[in-house]
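What follows is a short report on a single structure.
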Amino acid sequence: MTVFQPGEWVLLTTDKGKNWLVRLSPGESFSCHLGSISHDDIIGREEGHCWVTPKGVNVFLFRPAMKDLLFHLRRKTQIIYPKDAAMIICYGDIRPGLRVLESGLGSGALTLFLLSAIGPDGMLVSVEMRPEFADLAMDNVRRFLGNLPAQWSVVISDIENPGLKGPFDRIILDLPEPWKAASAASELLKPGGIIATLSPQITQVHAVVKELKRRGFRFLQTFEVLKRDWYIDERRTRPVDRMVAHTGFLTFGRKVILPGAQALQEDLEEENSF
Ligand SMILES: C[S@@+](CC[C@H](N)C(=O)[O-])C[C@H]1O[C@@H](n2cnc3c(N)ncnc32)[C@H](O)[C@@H]1O
């Protein structure tokens, strides 16, 4: 099925990248400064169709990609950026069928990517301490996915003591104090499993890496993703003047099983090295 259906989301995009997200509803119309188009004129069209507005501007019709949805979420928290979500999926090795735990849920932006990556055979548990954010995130997921997926559950709790049963294959922490969740993460993550954390401040990274090492995580790596767009046209072949220069630092690590004596020795060395 390629043509647009009633109830679907459609992204209207100009050549210059300005876009609007619209849910198709028979009888309604969309208006902006460029003109107006009836939803009935979109329903039945193929994706990629071009609406030439009364002002002669080309507006193309697409199904929104996940990254397009992020900036249309209702949000009350900071949300994950596509560049960081992409790295979490890649370096966190989030694949179909995995059992994944995330905390906090926030506005549900990362949740959309995680649900897509684990597919219908995976399982995602999202732990959020503030019920109003959990409600908001569930509204966002329902609004864009059409329902609350069966493979997703939301737990209202402090991640430090979530009362959950593991093991999970992957744990993602997007929290102000992720080091406080290291103990629970260590208990809930299966050996060999991957943990990912996102923190805006390097002092947070220092604290979480220290705690993760103490809790049996190794192969820790921290990096940030700088995405710089470029103009490529007849006049310009240079970077765009502005960029989102900083979102957060990503840290990834693996839970390992250390031989008992070695674990004790490393604990002592850790204490002295930080
Ligand atoms: C930056 S937001 C998460 C954003 C989310 N990843 C997204 O993309 O929309 C951080 C969230 O962590 C929640 N939080 C903070 N401390 C927590 C804790 N100890 N346990 C559970 N949730 C917590 C906050 O209420 C907030 O909703």
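Atoms within each ligand, like the ligands themselves, are counted from 1 in listed order. Residue numbers run from 1 in the order of the sequence given.
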Note to self: Tell me which pairs pass side chain to side chain donor-acceptor pair (under 3.5 Å) where either residue lies in residues 80-98, with sequence neighbours left out.
What the structure shows: Lys83-Thr247, Asp84-Thr247, Asp93-Arg95, Asp93-Arg170

Next item on the list: Using the test side-chain hydrogen bond (donor to acceptor under 3.5 Å, both in side chains), find all partners of Arg142 that sit at least two apart in sequence or belong to another chain.
Entry: Asp139

Notebook entry, point to check: More than 12 non-hydrogen atoms from neighbouring residues, nucleotides or ligands closer than 6.0 Å to CZ on Arg23, yes or no?
Noted result: yes

Notebook entry, point to check: Angle class for the Phe60/Phe62 ring planes (parallel below 30°, perpendicular above 60°, tilted otherwise)?
Noted result: parallel

Next item on the list: Return the protein residues near ligand 1 (heavy atom under 4.0 Å from any of its atoms), ordered by chain and residue number.
Entry: Thr77, Gln78, Ile79, Ile80, Ser103, Gly104, Leu105, Gly106, Ser107, Gly108, Ala109, Leu110, Val127, Glu128, Met129, Arg130, Phe133, Ser157, Asp158, Ile159, Asp174, Leu175, Pro176

Check: Which residues pass the side chain to side chain contact (heavy atoms under 4.5 Å, CB included) test with Arg235, sequence neighbours left out?
Finding: Asp233

Margin query: Would you say Glu102 and Thr111 are linked by a side-chain donor-acceptor pair, where the criterion is simply a distance under 3.5 Å?
Written below: yes

